[in-house]
Amino acid sequence: LFRSSKMVEQLKVRLGDELENGDLWYFLGCSYYQMNEHLNSIPALQKAVQYHTSYDAEAYSLLSYIYEELKDYVQAMEMVELALGVLPFGRRKRDKVFLPNLLRGLGSLQLRLGSPGRAADSYLKAVHSDKDFGEQVRAYSGYLLCLHYENDQQCRAFCCGRERVVWGA
C-alpha cells in the first residue's frame with residue numbers, strides 16, 4: 001500500500017490542502033520508510049505526532065526503528081518511551097499486539113545501551129502484557145540474555161526450571 005513514489009506524490013498533493021492532518025503525515029512517513037528513504041521518513045513522522053494522528057504510538061514506534069537502523073540507540077529508546085506514553089491501552093484491538101512488541105523493543109535497546117536489569121524488567125512486562133506465545137518466547141529469550149549479563153547463576157537456574165518467578169505471574 002505505501003511502497004510507491006505514486007503514493008508519496010498523492011499524499012503530498014493532499015497535504016497541500018491539509019497541512020495539519022497528522023494521519024496524512026503518518027502515511028507519508030510510512031511510504032518513505034517502505035521505500036527505504038528513512039531520512040525523508042523522519043520529518044514526516046515528526047509532523048504526524050506534532051499534529052496528533054490517531055497513529056501517534058505507531059509513528060513513534062516507526063521513528064524508533066529508523067533511529068535504531070541509524071544506530072542512534074538513545075534516540076530510538078526515547079521514541080519507544082514516547083510510544084508507550086501515548087498508547088491508548090486496550091481501546092483498540094491492535095494495541096494488544098502492539099504493546100508487547102514495544103516493550104520487547106525497549107528491552108532490546110536497554111540491553112544494547114548496557115542496562116540489563118532495566119531490559120529484563122521490560123522483557124518481563126512484554127511477557128505479561130500479552131498471551132501470544134510467539135511474543136512470549138521472544139521476550140523470554142531477551143529476559144534470559146539479560147539474566148546472563150547480570151548474573152550467570154541466576155540465568156542457569158532459570159533455564160533449568162528451578163526458578164519460576166515469572167511463569168504465570
Side-chain angles (χ1 to χ4, degrees), residues 1-116 118-123 125-127 129-130 132 134-139 141-143 145-146 149:
L1 175 67
F2 297 118
R3 291 183 185 210
S4 72
S5 57
K6 185 177 179 181
M7 174 64 79
V8 167
E9 292 309 315
Q10 289 174 350
L11 288 166
K12 285 181 178 180
V13 168
R14 286 206 47 207
L15 278 166
D17 296 328
E18 302 178 58
L19 278 175
E20 295 184 9
N21 185 325
D23 288 349
L24 290 177
W25 284 109
Y26 171 72
F27 295 135
L28 181 62
C30 288
S31 296
Y32 280 130
Y33 181 79
Q34 291 295 323
M35 295 168 41
N36 289 320
E37 294 184 29
H38 299 348
L39 294 180
N40 288 326
S41 187
I42 292 171
L45 293 168
Q46 289 171 334
K47 288 257 189 200
V49 295
Q50 175 186 345
Y51 295 123
H52 301 292
T53 172
S54 55
Y55 300 97
D56 277 355
E58 290 87 344
Y60 283 128
S61 178
L62 188 51
L63 281 166
S64 77
Y65 289 130
I66 293 168
Y67 286 123
E68 189 171 5
E69 288 176 12
L70 297 173
K71 301 198 183 322
D72 186 346
Y73 304 118
V74 172
Q75 189 72 18
M77 190 164 64
E78 182 180 321
M79 294 298 112
V80 172
E81 290 170 345
L82 286 169
L84 288 167
V86 298
L87 190 63
F89 297 104
R91 289 200 317 232
R92 302 175 304 185
K93 188 174 183 177
R94 67 180 183 237
D95 297 339
K96 293 176 182 164
V97 176
F98 193 53
L99 177 61
N101 191 41
L102 275 178
L103 290 167
R104 195 172 44 81
L106 181 61
S108 174
L109 289 164
Q110 290 166 329
L111 186 60
R112 189 179 292 267
L113 291 170
S115 298
R118 290 179 62 208
D121 290 342
S122 294
Y123 283 122
K125 286 177 186 174
V127 168
S129 69
D130 190 42
D132 175 37
E135 273 308 308
Q136 285 190 354
V137 168
R138 288 187 288 276
S141 298
Y143 177 72
L145 185 60
C146 293
Y149 281 110

Look at the side chain of [X] and the backbone N and O of [Y], then say whether any donor-acceptor pair between them is shorter than 3.5 Å.
{"X": "Ser61", "Y": "Glu58", "value": "no"}
{"X": "Ser31", "Y": "Phe27", "value": "yes"}
{"X": "Trp25", "Y": "Leu19", "value": "yes"}

key: Stepwise side chain to side chain contact (heavy atoms under 4.5 Å, CB included) test for Val74 and Asp72   = CA-CA 6 Å; Val74 172; Asp72 186 346; 4.3 Å; yes
Which heavy-atom pair separates [X] from [Y] by the least distance, and what is that distance?
{"X": "Val49", "Y": "Ala59", "answer": "CG1-CB, 3.7 Å"}
{"X": "Ser41", "Y": "Gly29", "answer": "OG-O, 2.7 Å"}
{"X": "Ala48", "Y": "Gly22", "answer": "CB-O, 3.5 Å"}
{"X": "Ala119", "Y": "Gln110", "answer": "CA-OE1, 3.3 Å"}
{"X": "Leu28", "Y": "Lys12", "answer": "CD1-CG, 4.4 Å"}

inquiry  = Counting C-beta onward and ignoring hydrogens, is there a side-chain heavy-atom pair between Leu111 and Leu113 closer than 4.5 Å?
reply    =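 Leu111 does not reach Leu113 side chain to side chain.
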Value rounded to 0.5 Å, distance of [atom1] in [X] from [atom2] in [Y]:
{"X": "Gln46", "Y": "Tyr51", "atom1": "CD", "atom2": "OH", "answer": "12.0 Å"}
{"X": "Asn36", "Y": "Glu69", "atom1": "CG", "atom2": "CD", "answer": "8.0 Å"}
{"X": "Glu81", "Y": "Leu109", "atom1": "CD", "atom2": "CG", "answer": "9.0 Å"}
{"X": "Leu82", "Y": "Leu102", "atom1": "CG", "atom2": "CG", "answer": "11.0 Å"}
{"X": "Leu24", "Y": "Gln10", "atom1": "CG", "atom2": "CD", "answer": "11.5 Å"}
{"X": "Leu99", "Y": "Leu84", "atom1": "CG", "atom2": "CG", "answer": "6.5 Å"}

request  = Test side chain to side chain contact (heavy atoms under 4.5 Å, CB included) on Leu45 and Tyr26 and set out the steps.
outcome  = CA-CA 5 Å; Leu45 293 168; Tyr26 171 72; 3.9 Å; yes
task = Test Tyr67 against every option in Met77, Gln75, His38 by the side-chain contact (heavy atoms from CB on, under 4.5 Å) rule and name the one that passes.
result =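 The option that passes is Gln75.
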request  = For the residue pair Glu37 and Asn40, confirm or rule out a side-chain donor-acceptor distance under 3.5 Å.
outcome  =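 On atom types as modelled, these side chains qualify, holding a pair under 3.5 Å.
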